[in-house]
Structures are given as structure tokens and as C-alpha cells.
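Worksheet: one structure, shown below.
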Amino acid sequence: MKIISSWQLASSGYALTVHNQDATERLPREFFGRPATEVAPDLLGCVLWHASPAGLVAARLVEVEAYRGALDPASHSYRGRTARNAVMFGPPGHAYVYFTYGMHYCVNLVCQPAGLPEAVLIRAGAVVAGADLARRRRYGLADADGSAKASGARNGRQRERDLARGPGRLCQALGIDRSLDGADACVPGGPIGISPPEAFGQAEAGSGAIRVGPRVGISRAADLPWRYWLAGDDHVSAYKALPPREPQPKPVSDRAAEDGTMHG
DNA sequence: TGCTCGATTACCT
DNA sequence: GGTAATCGAGCAA
């Protein structure tokens, strides 16, 4: 295996050697064989790419979240293995893609050795290659030039920022769906991969300040600070916290009338 | 078998 | 800021 580059990630001191067996550098599997809370900040600045028959789209990662399996009530794998989350229980470096809200896909990268179902959710990125294809996927053929003529008040600059801002948008821009569930991001020749920042001419990871805070849109374990993002980057998604979910009482017909109040 | 909820987004006011 | 869209997973009965 040809070693083409080596550097040290600023956030954790994790020494990384990148190997090259095909056209694009990939982070090695051992990079992902660690707790998700260690992998997540190290992914910031790195580049997720998907090479499909239509072309290659790549995004520099600016926002991620760690999900820690049995340790984490908000993790899909918290309650054990199911058909949907089976990939999380497998070896590290694979993509776990799931479908949510009836219309969106979200992509995770599996961490830890097989049997420890941890993963890092990719929440947002900045498109650094294949922007034309990304625009077509996001806004359609007529809007591939990035103009805002089709709808509403969104201007071109906002559209560029929003190409991969949010987990659903990122998957749409990169053309990621359930067909890529289980895809190996570390194997040479595979359709998806994670590359170090320098592979796409980006600044080194850790060159900007990494911020840490609570995760977005979850109701369980919402206080855990397992969301990581690059401070001041426009491509980070808007933070929206959910109120803590309280156990719902059994629906008893008389109960609502007795209570009277909808919310405490 | 049926129901509820969700690691979201786009559009409208 | 509010809400509709939309459907699969998971749970309860």
C-alpha cells in the first residue's frame, strides 16, 4: 500500500497515516475504530464524497454529531439491533443511511469495532467538488445555475450555502440514499469515501475553532454535548432544540376534560 | 394490524 | 415563526 500523506489531527492528537490504493485518498479504517466522540471532532474539515455514475460530489464537513449506542438513549442502536440499524453493529468505516420524516435520508459513519454500535451523524458540509451536480439534485435542472428564479426569496448566495446545510440536504446533494446503507468508505474503489482536508485543497482539520454543544432535534439525552461544528462557518445548520419529551399518559377519554390544561 | 413519532425541510405568512 | 409534507420503524394490542 502506498503511503501518500501523514499528519496529526489538531483536536485529538490522533496520528493519521493516509493510504492510497485508488484515485482518491481515504481515511483508513483504524481512524473509525474509536469512540464516536473521538472520531466526530476529527472528521471536521475532512471531505465526504460520493462518486456515482452521474459524477462526483464532495463536501467539506463542518458539523457532526456522535451517537454512542448502548450508552446513548438518543442512538438508534440504544435498544439493540434491528434490520434498520444492523450496519451500526458491523465493522467501522461503513455508512449507515436511514430514512426519516417520510422524505429525508441521513448518513452516519460507523465507529468502534464490530459489536459496539456507535456512529457519527454527518449534519452539514460545504460542497467543494461537483457543485453543478449537487445543484441539479437539490434544485432541479432548471436551477442548475444556482439562480433563484424558480421560487421565493432565496437568493443565489443562500442557495450555495444551503446546498449541504443539514443532514437531509447533504444526502440529497451527494445523492446518498438507502442503496448506500452499509457501503464501505474505507475500501479502495468503493463509491463513497472520507478524505483528509488536503485531498480537496481544503485547510487542514483543526485550523478553525471547534465548538461543542448539545445535539439537534432529539428529545432523549438532549443535554449531552456530542455535537461538534466549526465556529463561524456559514454552512453549519441552524440549531433547533426540542423540549424534553415527557411520558405520555394512557389516552383516557375523561382525562383531558378533567385536566383542562394542554401543557404544564 | 394499527398507530405514533421521527437524528427534517420547504414554503407561506 | 408556523406548519404541511410523507412514510418507515417500532411498539402496543
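A, B, ... follow the sequence lines: proteins, then strands. Residue 1 opens every chain. Predicted model only: the values in this text are computed from it and were never measured.
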Can you tell me how far [atom2] of [N] sits from [atom1] of [X], to the nearest Å?
{"X": "Arg169(A)", "N": "dA7(B)", "atom1": "CZ", "atom2": "P", "result": "18 Å"}
{"X": "Tyr101(A)", "N": "dA9(C)", "atom1": "OH", "atom2": "P", "result": "16 Å"}
{"X": "Asp177(A)", "N": "dG8(C)", "atom1": "CG", "atom2": "P", "result": "13 Å"}
{"X": "Leu170(A)", "N": "dA7(B)", "atom1": "CG", "atom2": "P", "result": "17 Å"}
{"X": "Met103(A)", "N": "dA9(C)", "atom1": "CE", "atom2": "P", "result": "16 Å"}
{"X": "Leu163(A)", "N": "dT8(B)", "atom1": "CG", "atom2": "P", "result": "19 Å"}
{"X": "Asp181(A)", "N": "dG8(C)", "atom1": "CG", "atom2": "P", "result": "15 Å"}
{"X": "Gln158(A)", "N": "dC11(B)", "atom1": "CD", "atom2": "P", "result": "11 Å"}

**Prompt:** Looking just at side-chain N and O atoms, do Gln172(A) and Arg138(A) make a donor-acceptor pair shorter than 3.5 Å?
**Reply:** yes
**Asked** With a 3.5 Å cut-off and no angle check, do the side chains of Arg227(A) and Ser237(A) form a donor-acceptor pair?
**Response**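 Per modelled atom types, Arg227(A) and Ser237(A) side chains form no pair under 3.5 Å.
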Could you check whether [X] makes a cation-pi contact with [Y], meaning its NZ or CZ is under 6.0 Å from the centre of the six-membered ring and within 45° of the ring axis?
{"X": "Arg34(A)", "Y": "Phe31(A)", "answer": "yes"}
{"X": "Arg215(A)", "Y": "Tyr67(A)", "answer": "yes"}
{"X": "Arg178(A)", "Y": "Phe99(A)", "answer": "no"}

Show me the protein contacts with nucleotides 2-4 of chain C, counting only N or O atoms at under 3.5 Å.
none

**Prompt:** Taking the nucleotide of DNA chain C with the closest heavy atom to each, which residue, His104(A) or Arg178(A), is nearer the 5' end?
**Reply:** His104(A)
**Message:** Dot-bracket for DNA chain B, please. Rules: Watson-Crick or G-U, both distances under 3.5 Å, ( ) within the strand, [ ] when a pair crosses earlier ones, | for another strand, . otherwise.
**Reply:** ||||||.|||||.
Drop me the distance from [X]'s [atom1] to [Y]'s [atom2], to the nearest 0.5 angstrom.
{"X": "Leu43(A)", "Y": "Leu27(A)", "atom1": "CG", "atom2": "CG", "result": "7.0 Å"}
{"X": "Ile192(A)", "Y": "Ser52(A)", "atom1": "CD1", "atom2": "OG", "result": "12.0 Å"}
{"X": "Asp181(A)", "Y": "Tyr105(A)", "atom1": "CG", "atom2": "OH", "result": "10.5 Å"}

**Request:** Using a strict 4.0 Å threshold on nitrogen-to-oxygen distance, state whether Asp162(A) and Arg159(A) make a salt bridge.
**Result:** no
**Request:** Decide, yes or no, whether a salt bridge links Arg60(A) with Asp233(A) under the criterion of side-chain N to carboxylate O below 4.0 Å.
**Result:** yes
**Message:** Tell me whether the side-chain N/O atoms of Arg165(A) come closer than 4.0 Å to OP1 or OP2 in dT9(B).
**Reply:** no
**Request:** Please determine if a side-chain N or O atom of Ser219(A) lies less than 4.0 Å away from the OP1 or OP2 oxygen of dG6(B).
**Result:**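 Yes, Ser219(A) has a side-chain N/O under 4.0 Å of OP1/OP2 on dG6(B).
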**Item:** Pair of N/O donor and acceptor under 3.5 Å linking dA7(B) base with Tyr98(A) side chain
**Value:** yes
**Request:** Specify the residues of residues 71-92 of chain A, ordered by number, for which at least one heavy atom lies under 4.0 angstrom from an atom of DNA chain B.
**Result:** Ala74(A), His76(A)
**Request:** Please report the C-alpha distance between His94(A) and Asp184(A) in whole Å, then the side-chain angles of each, then the deciding distance to 0.1 Å, and finally whether the side-chain contact (heavy atoms from CB on, under 4.5 Å) criterion is met.
**Result:** CA-CA 4 Å; His94(A) 289 246; Asp184(A) 189 345; 3.6 Å; yes
**Asked** May Phe99(A) be described as stacking on the base of dG8(C), applying a 5.5 Å centroid limit and a 30° limit on plane angle?
**Response** no
**Asked** Is atom CZ of Arg29(A) surrounded by more than 12 heavy atoms (other residues, nucleotides or ligands) closer than 6.0 Å?
**Response** yes
**Message:** Once you apply a heavy-atom cut-off of 4.0 Å, does Arg227(A) come out as touching a base, just sugar-phosphate, or nothing?
**Reply:**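 Nothing, no heavy atom under 4.0 Å.
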